[in-house]
Amino acid sequence: MRLVHWISGVLVFSLTAPQLVPAQLLLGTITELNPPVAAGSAQPFLSVSTTGVFYLSWMEPGAKTKHAFRFASFDGSKWSAARTIAEADDYFVNWADVPSILPHSDGTLIAHWLNRSGPSTYAYDVQLSFSRDGGNGWSNPLTPHRDGTQTEHGFVSLFELPGHKVGLIWLDGRQMIMAEASDHSGHGSGGMTLRSAVFSTDGKLEEEHLIDPLVCECCPTAVTPTQDGILIAYRDRSPEEVRNIFTARLSQGKWSSPQLVFDDGWKIPGCPVNGPAFAREGNMTAIAWFTAPEGAAQVNVAFSNDAGTTFSRPLRVDGGKPLGRVGINLLPGGTALVVWLEYGDNTAELRGRLVSPTEDLQDSFLIASVSADRASGYPRVARSGRRVLFAWTETGSTKKVKVAEVLLQSK
C-alpha cells in the first residue's frame with residue numbers, strides 16, 4: 001500500500017515552471033485502495049452519483065472473450081463486486097478513447113463503449129446501454145449516430161439532462177475518407193466533426209446535432225453541468241492546423257456557437273491525443289488543458305465565475321516537463337485539484353496540485369509513478385464530499401487499474 005504525504009511550503013522552480021506560494025486548502029494522506037479489478041485491466045473511468053457513490057468502470061480480458069467492460073461502485077468504505085456490462089471479441093479498445101459509465105439521478109445507469117464496424121483499423125461505432133436495476137441487467141446496445149459509415153465514432157462524454165434524459169457528445173468521422181484496411185498507419189483524411197445526441201433514459205433517441213464541422217481527430221472531450229446549461233470542451237482544428245481548446249453550451253435545447261477558451265497558437269499537423277478536462281463547484285467552473293506552442297509543453301488552468309462564458313487568463317501548473325493527459329476537480333471554495341502526467345527521472349509521474357482562482361499554487365505532489373508509454377492511459381479524478389479518488393493504469397509485467405483516495409482536511 002502506497003502512502004504519500006502532502007507537503008506544504010514554498011518551492012521555486014526554474015524559469016520554465018511556475019512560482020509557488022501557499023494556498024489555503026490541505027490534503028490528507030493518499031492511500032491506495034483495492035478495487036475488484038483483474039490482471040490485464042486498463043482504461044479506467046470514474047463518476048459519482050447524486051447520492052455520493054463512486055462508479056469505476058474499466059476494460060479487462062473476459063473469461064471467454066477478448067474484452068469485458070466491467071464496473072464496480074464504492075460507497076466510501078467498501079467496493080461492490082465487479083459486474084460485467086458487456087463483453088465481446090470485436091470491441092475497439094484504445095488507451096485514450098475509453099468507455100464510461102454515468103449514474104443518472106433517476107437511478108438509471110448509462111454506459112458507453114466502442115464496437116468495431118468494419119475491417120479498417122479506425123472503423124468503429126459508439127454503443128450505449130441502460131440499466132434500471134443498479135447494473136445487474138443491461139439493455140441491448142444502441143448506436144447514437146445513424147450515418148451507417150464504417151468510420152471513426154468515439155471520444156464520448158455523457159451528461160445528465162432533466163426529465164429522465166441523457167445526452168452525449170462524440171467525435172464523428174462520417175465525413176472522413178478512411179485509410180484502406182491494410183493501412184494501419186493513420187486515420188485517413190478529411191474533417192472530423194463533433195456531434196451530440198439526446199436520449200430518454202428508456203433508450204429512445206430524441207435528437208442529434210452537429211456542433212462543430214472541423215475538430216481535432218482524436219483528443220478526448222469533456223463536459224460539465226453549469227447553472228446555465230451543459231458546457232462542453234474539446235480541441236478544435238482550424239484550416240491552418242491551429243488546435244486550440246473551444247467550448248460550446250447546450251441551453252434550453254439549443255447548442256451555442258463554439259467559443260475559444262484561449263488562443264494558445266499551437267500549430268501542429270496532427271492530433272496530440274491530449275484533450276481538456278472540466279470541473280464545476282457552485283458558480284465556479286474550471287478547465288485544464290495541455291498545449292505546446294513552438295514546442296513549449298505546458299499544462300494550463302483557467303477559471304470562470306460566469307458558467308464558462310468567459311475564463312481567466314491561463315495559469316501554468318506543471319513542473320516543467322509535462323506529458324499532459326489532464327484531469328481536474330473543483331473543491332469547496334473553488335480551489336482546483338489538477339492532475340496530469342509529468343516526465344520523471346526514469347519514467348513518468350502522475351502528479352497533482354491545488355490551484356486557487358487567485359492564482360495561489362500549492363506544491364505539486366506525487367500520486368503514483370507510471371509509464372510514459374500510451375499504455376498508462378489517462379488518469380482520472382473524482383470527488384464526493386471530502387473524499388477524492390484517483391484512478392490510473394499501472395503497467396509493467398502486469399497491467400492493472402489502480403485506485404487511491406485522499407480526504408480533504410479542514411483547518
Side-chain angles (χ1 to χ4, degrees), residues 43-49 55-58 69 71 92 94-104 108-114 124-130 142-145 152-161 165-173 192-199 201 205 207-212 215-226 229-236 245-251 255-256 258-259 261 271 273-280 285-290 307-308 325-330 377-382 391:
Q43 293 89 43
F45 188 87
L46 280 174
S47 56
V48 182
S49 73
Y55 284 83
L56 172 71
S57 64
W58 67 92
F69 179 27
F71 84 100
F92 180 79
N94 180 271
W95 66 277
D97 195 353
V98 306
S100 69
I101 186 168
L102 174 73
H104 198 285
T108 305
L109 296 177
I110 304 100
H112 104 272
W113 66 94
L114 306 174
Y124 54 92
D125 289 338
V126 176
Q127 303 283 279
L128 285 180
S129 185
F130 301 79
L142 304 170
T143 302
H145 44 87
E152 299 177 61
H153 305 83
F155 294 99
V156 170
S157 289
L158 296 167
F159 52 90
E160 179 173 336
L161 291 169
K165 296 181 182 180
V166 61
L168 71 157
I169 58 171
W170 71 92
L171 301 190
D172 190 299
M192 180 67 76
T193 64
L194 178 68
R195 296 177 182 266
S196 74
V198 173
F199 282 81
T201 54
L205 176 63
E207 55 189 79
E208 183 182 348
H209 291 285
L210 172 66
I211 301 172
D212 193 320
V215 301
C216 203
E217 296 87 350
C218 47
C219 282
T221 59
V223 63
T224 189
T226 74
I230 299 296
L231 193 66
I232 66 167
Y234 61 96
R235 191 176 297 279
D236 188 62
I245 302 300
F246 274 62
T247 64
R249 187 186 310 277
L250 176 61
S251 181
W255 283 100
S256 69
Q259 299 292 322
V261 173
C271 180
V273 199
N274 246 303
F278 250 151
R280 178 242 185 170
T285 306
I287 186 170
W289 72 97
F290 174 84
R325 307 187 205 173
V326 300
I328 192 170
N329 193 272
L330 272 180
Y378 263 76
R380 306 292 170 182
V381 58

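Because the structure is predicted, anything quoted here is derived from the model rather than measured.
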Are [X] and [Y] close enough that some pair of their side-chain heavy atoms sits under 4.5 Å apart?
X    : Y    : answer
L102 : V166 : yes
Y55  : F71  : yes
L231 : V223 : no
E152 : D97  : no
F69  : S57  : yes
C271 : C219 : yes
P44  : L56  : yes

Just to verify, what does [X] make a side chain to side chain donor-acceptor pair (under 3.5 Å) with, not counting sequence neighbours?
X    : result
T193 : R195
T143 : Q127
Y378 : none
T221 : S157

Quick one: pull up [atom1] in [X] and [atom2] in [Y] and give me the separation to the nearest 0.5 Å.
X    : Y    : atom1 : atom2 : value
T247 : I287 : OG1   : CD1   : 7.0 Å
E217 : L171 : CD    : CG    : 9.0 Å
L194 : I232 : CG    : CD1   : 5.0 Å
T201 : I110 : OG1   : CD1   : 7.0 Å

Test of understanding: with side chain to side chain contact (heavy atoms under 4.5 Å, CB included), list the residues that count as partners of [X], not counting sequence neighbours.
X    : answer
P258 : D212, Y234, F246
S129 : W113, W138, S139
V98  : Q43, F45, R380
A382 : L46, V48, F54

Specify the closest pair of heavy atoms between [X] and [Y], including all atoms of both residues, with the distance to one decimal.
X    : Y    : result
A286 : I328 : CB-CD1, 3.7 Å
P276 : A222 : O-CB, 3.5 Å
S47  : P103 : OG-CD, 3.4 Å
V326 : G275 : CG2-O, 3.6 Å

Say whether, by atom type as modelled, one donor and one acceptor occur between the side chain of [X] and the main chain of [Y] under 3.5 angstrom.
X    : Y    : result
H104 : K165 : yes
T285 : R280 : no
N274 : R325 : yes

With [X], which residues qualify under ring-ring contact (aromatic ring centres under 6.0 Å, His included), at least two apart?
X    : result
F159 : none
H153 : H145
F278 : none

Quiz item: Going by distance alone, is a donor N or O of one side chain under 3.5 Å from an acceptor N or O of the other, for S100 and H112?
Solution: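 There is such a pair (donor and acceptor under 3.5 Å, judged by atom type) between the side chains of S100 and H112.
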Parallel, tilted or perpendicular: which fits the ring planes of F199 and F130, with parallel below 30° and perpendicular above 60°?
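The arrangement is tilted - the two ring planes meet at 30° to 60°.
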Q | CA sep, side-chain torsions, deciding dist, call: D125, F92, side-chain contact (heavy atoms from CB on, under 4.5 Å) | A | CA-CA 9 Å; D125 289 338; F92 180 79; over 6 Å; no
Query raised in the report: With sequence neighbours left out, what residues match E207 under salt bridge (charged side-chain N to carboxylate O under 4.0 Å, His left out)?
Result: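 Listed in chain order: nothing, the list is empty.
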**Item:** side-chain contact (heavy atoms from CB on, under 4.5 Å) between W255 and S196, intermediate numbers included
**Value:** CA-CA 9 Å; W255 283 100; S196 74; 2.9 Å; yes
Exercise for the section: Could you walk me through whether L250 and L161 pass side-chain contact (heavy atoms from CB on, under 4.5 Å), step by step? Expected result: CA-CA 10 Å; L250 176 61; L161 291 169; 4.1 Å; yes
